[in-house]
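Quick note: residue numbers are just sequence positions, from 1. Computed from a prediction, not measured in an experiment: that's the story for all the values here.
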Amino acid sequence: MLRVLRDTVYARLFSAQVVALLGTGLLTVALGLLAFDIAGDAAGSVLGTALTIKMVAYVGVAPLIAALVDRLPRKAVLITADAVRLVIALLLPAVSETWQIYVLVFVLQSASATFTPAFQSLIPAVLPDPKDYTRALSLSRLAYDLEALLSPLIAGALLTVISFHDLFAGTAIGFALSALLVLSTPLPRAEDGLPATSFWQRLPAGAAVFARTPTLRFLLLTNMAVAAGTAIVLVNSVVYARAVFALDDAALALALACYGIGSLVTALSIPGIVERLGVIRTMSIGAAVIVAGLLAAVIVTGIAAAGGAGWSALLGTWVVLGIGTSLVNTPSSRLLADASTPANRTLVYTAQFALSHACFLLTYPIAGWLGAVSLIGAAGALLGIALAAATAAIAFARHRLHQTA
């Protein structure tokens, strides 16, 4: 998998991704502490609103900005997005009102919604060989999982010697290094002779490719399964750890780590799995694994509600959900690369970015609001969503594989 780092262009882009991810991880910790500093016991509400704003930016703003900047030089777009994120990170320590947090978070996440799809759409041009591209996707997934595991530890270590306000400076440094790495990297030139199109023609282009491409409709179904499995972990882990099993804060960290470990270990194996099974079959298996994990979550929740044990079983369930998520997410960009052209690639990747996050606008409220009333009801509802999505995805996969046999 590491052989793709021999390509110096990709190695620099991957390094830019890693330092930006580390900065984002520090920002997550610092933002939570800032919310508590300003809002006290209402910090949870502030963060919940900030997460909703983040999703709105991802779903609503990303396609608009992508259509606006699609014909601009990719390097300029990436550096500008990093510069905006850097400025916002430096402004956040100065806020004193919750509305200021919301405004700055919206601008920052809009910049992230510009950077991420543009960055991802570059990689197929840098690594055109499908096997190398799959290795790069696995490496990218590994970076995300390691960031989720290591950023809280790094932030905790830093907080022993600095205040949480100084973590924002670390975030700014991450974005600055990312911009410098992009600046020093010779990116692939845009294809000559791309058709001249207006903003209004580009705006629906990515979604139109999804609508007419069977493999991308399959991807939408697996997106929904992933959103269901991820929502129960990210939203309800704290409820399981503190309320259901009456454990301490370390138990929450352990639960999230188990999810990350399942995803991380699977990402290391994805290139070999895809080479043997293909992308469609691998993602179908991942959707089925997510369904199995959510079924286990329903069972564990029922046992715990009846007064039985189950913490170890829950940790195992989170590992399973991490495995299923990685089986779907890691190779999914292969479908985007195959279905797009140099003329519309960024728009297609942006459509996936927006549509995949739109799924969370459904599953996060179910996990949170229904979970506040009935945890087993939330787990059951998410299981139903994942089961319906996975069943349709597997039916498509069987039909597709039968046609190509």
_With a 4.5 Å cut-off on side-chain heavy atoms, are Arg334 and Val274 touching?_
yes

_CA sep, side-chain torsions, deciding dist, call: Trp369, Val373, side chain to side chain contact (heavy atoms under 4.5 Å, CB included)_ = CA-CA 7 Å; Trp369 299 339; Val373 177; over 6 Å; no

Side chains of residues 292-306: which donor-acceptor pairs under 3.5 Å do they make with residues two or more places apart or in other chains?
{"residue": "Thr301", "atom": "OG1", "partner": "Tyr240", "partner atom": "OH", "Å": "2.6"}
{"residue": "Thr301", "atom": "OG1", "partner": "Ala297", "partner atom": "O", "Å": "2.6"}

*Could you walk me through whether Tyr10 and Leu139 pass the side chain to side chain contact (heavy atoms under 4.5 Å, CB included) check?*
CA-CA 11 Å; Tyr10 174 71; Leu139 201 58; 4.0 Å; yes

_Set of residues satisfying side-chain hydrogen bond (donor to acceptor under 3.5 Å, both in side chains) with respect to Thr341, sequence neighbours excluded_ = Asn344

*Give, for atom CD1 of Ile290 and atom CG of Leu382, the distance between the pair rounded to the nearest 0.5 Å.*
11.5 Å

*asked:* List the residues meeting ring-ring contact (aromatic ring centres under 6.0 Å, His included) with Phe210, not counting sequence neighbours, and say none if there are none.
replied: none

*For Thr350, what residues pass the side-chain hydrogen bond (donor to acceptor under 3.5 Å, both in side chains) criterion, not counting sequence neighbours?*
none

Contacts table for residues 85-92: side-chain donor-acceptor under 3.5 angstrom, sequence neighbours left out:
{"residue": "Arg85", "atom": "NH1", "partner": "Ser112", "partner atom": "OG", "Å": "3.2"}
{"residue": "Arg85", "atom": "NH2", "partner": "Asp82", "partner atom": "OD1", "Å": "2.7"}

*Roughly how far, to the nearest 0.5 Å, is CG of Leu361 from CE of Met55?*
7.0 Å

_Pair Leu362, Ile385 - check side chain to side chain contact (heavy atoms under 4.5 Å, CB included), show working._
CA-CA 10 Å; Leu362 171 65; Ile385 291 171; 4.2 Å; yes

*Can you see which heavy atom on Tyr133 is nearest to which on Leu127, and at what distance?*
CB-O, 3.8 Å

*Should Val226 and Asn329 count as side-chain neighbours, where that means a heavy-atom distance under 4.5 Å?*
yes

*What's the shortest heavy-atom distance between Lys75 and Thr185, and which atoms?*
NZ-O, 2.8 Å

*Where is the tightest heavy-atom contact between Pro271 and Ala267, given as atom of each residue plus distance?*
CD-O, 3.8 Å

*Nearest heavy atoms of Thr363 and Ala227, plus distance in Å*: OG1-O, 3.1 Å

*Is a donor on one side and an acceptor on the other found under 3.5 Å between the side chain of Arg345 and the backbone of Ser340?*
yes

*Check ring-ring contact (aromatic ring centres under 6.0 Å, His included) between Phe119 and all other residues, then give those that pass, not counting sequence neighbours.*
Phe115

*Donor-acceptor under 3.5 Å (Thr134 side chain, Pro130 main chain)*: yes

_Spatial distance of atom CD1 (Ile280) from atom CD1 (Ile394) [nearest 0.5 Å]_ = 12.0 Å

Check: residues 251-261 side-chain donor-acceptor pairs under 3.5 Å, at least two apart:
{"residue": "Tyr259", "atom": "OH", "partner": "Thr230", "partner atom": "OG1", "Å": "3.2"}
{"residue": "Tyr259", "atom": "OH", "partner": "Thr325", "partner atom": "OG1", "Å": "3.2"}

*asked:* Could you measure the distance from the OH atom of Tyr349 to the CG atom of Leu122? Nearest 0.5 Å is fine.
replied: 10.0 Å

*Check whether any side-chain N or O of Ser374 sits under 3.5 Å from a backbone N or O of Leu370 as a donor-acceptor pair, and report yes or no.*
no

*Just by distance, do the side chain of Asn236 and the backbone of Ala367 share a donor-acceptor pair under 3.5 Å?*
yes

Would you give me the side-chain donor-acceptor pairs under 3.5 Å for residues 13-24, sequence neighbours excluded?
{"residue": "Ser15", "atom": "OG", "partner": "Ala11", "partner atom": "O", "Å": "2.9"}
{"residue": "Gln17", "atom": "NE2", "partner": "Ser140", "partner atom": "OG", "Å": "2.8"}
{"residue": "Thr24", "atom": "OG1", "partner": "Ala20", "partner atom": "O", "Å": "2.9"}

_Straight-line distance of Ile273 CD1 to Thr282 OG1, nearest 0.5 Å_ = 6.5 Å

*Could you state the interatomic distance from CZ (Phe164) to CG (Leu31), rounded to the nearest 0.5 Å?*
10.0 Å

*Side-chain (Thr80) to main-chain (Val77) donor-acceptor, under 3.5 angstrom*: no

_Just so I know, are the side chains of Leu314 and Phe245 near enough to count as touching, which here means a heavy-atom distance under 4.5 Å?_
yes

*Only counting residues at least two apart or in another chain, list the ones meeting side-chain hydrogen bond (donor to acceptor under 3.5 Å, both in side chains) with Thr266.*
none

*Can you name the closest pair of heavy atoms from Ser332 and Leu219 and give their distance?*
CB-CD1, 3.6 Å

*If you look at every heavy atom in Leu137 and Ser333, which pair is closest and at what distance?*
CD2-CB, 3.5 Å

*According to the side-chain hydrogen bond (donor to acceptor under 3.5 Å, both in side chains) rule, which pairs have a member within residues 55-66, sequence neighbours left out?*
Tyr58-Gln109

_For Leu27 and Leu167: C-alpha separation, side-chain torsions, deciding distance, then whether side chain to side chain contact (heavy atoms under 4.5 Å, CB included) applies._
CA-CA 7 Å; Leu27 176 68; Leu167 291 181; over 6 Å; no

*Hey, could you give me each pair passing side-chain hydrogen bond (donor to acceptor under 3.5 Å, both in side chains) that has a residue in residues 204-227? Not counting sequence neighbours.*
Asn223-Gln352

_Quick check: do Leu220 and Leu216 have side-chain heavy atoms less than 4.5 Å from each other?_
no

*Donor-acceptor contact below 3.5 Å, side chain Ser326 vs main chain Ser263*: yes

*asked:* Is it the case that the side chain of Arg281 and the backbone of Leu277 share a donor-acceptor pair, with hydrogens and angles ignored and the cut-off at 3.5 Å?
replied: yes

*Which residue pairs satisfy the salt bridge (charged side-chain N to carboxylate O under 4.0 Å, His left out) criterion with at least one member in residues 107-133, sequence neighbours excluded?*
Lys131-Glu275, Asp132-Arg135

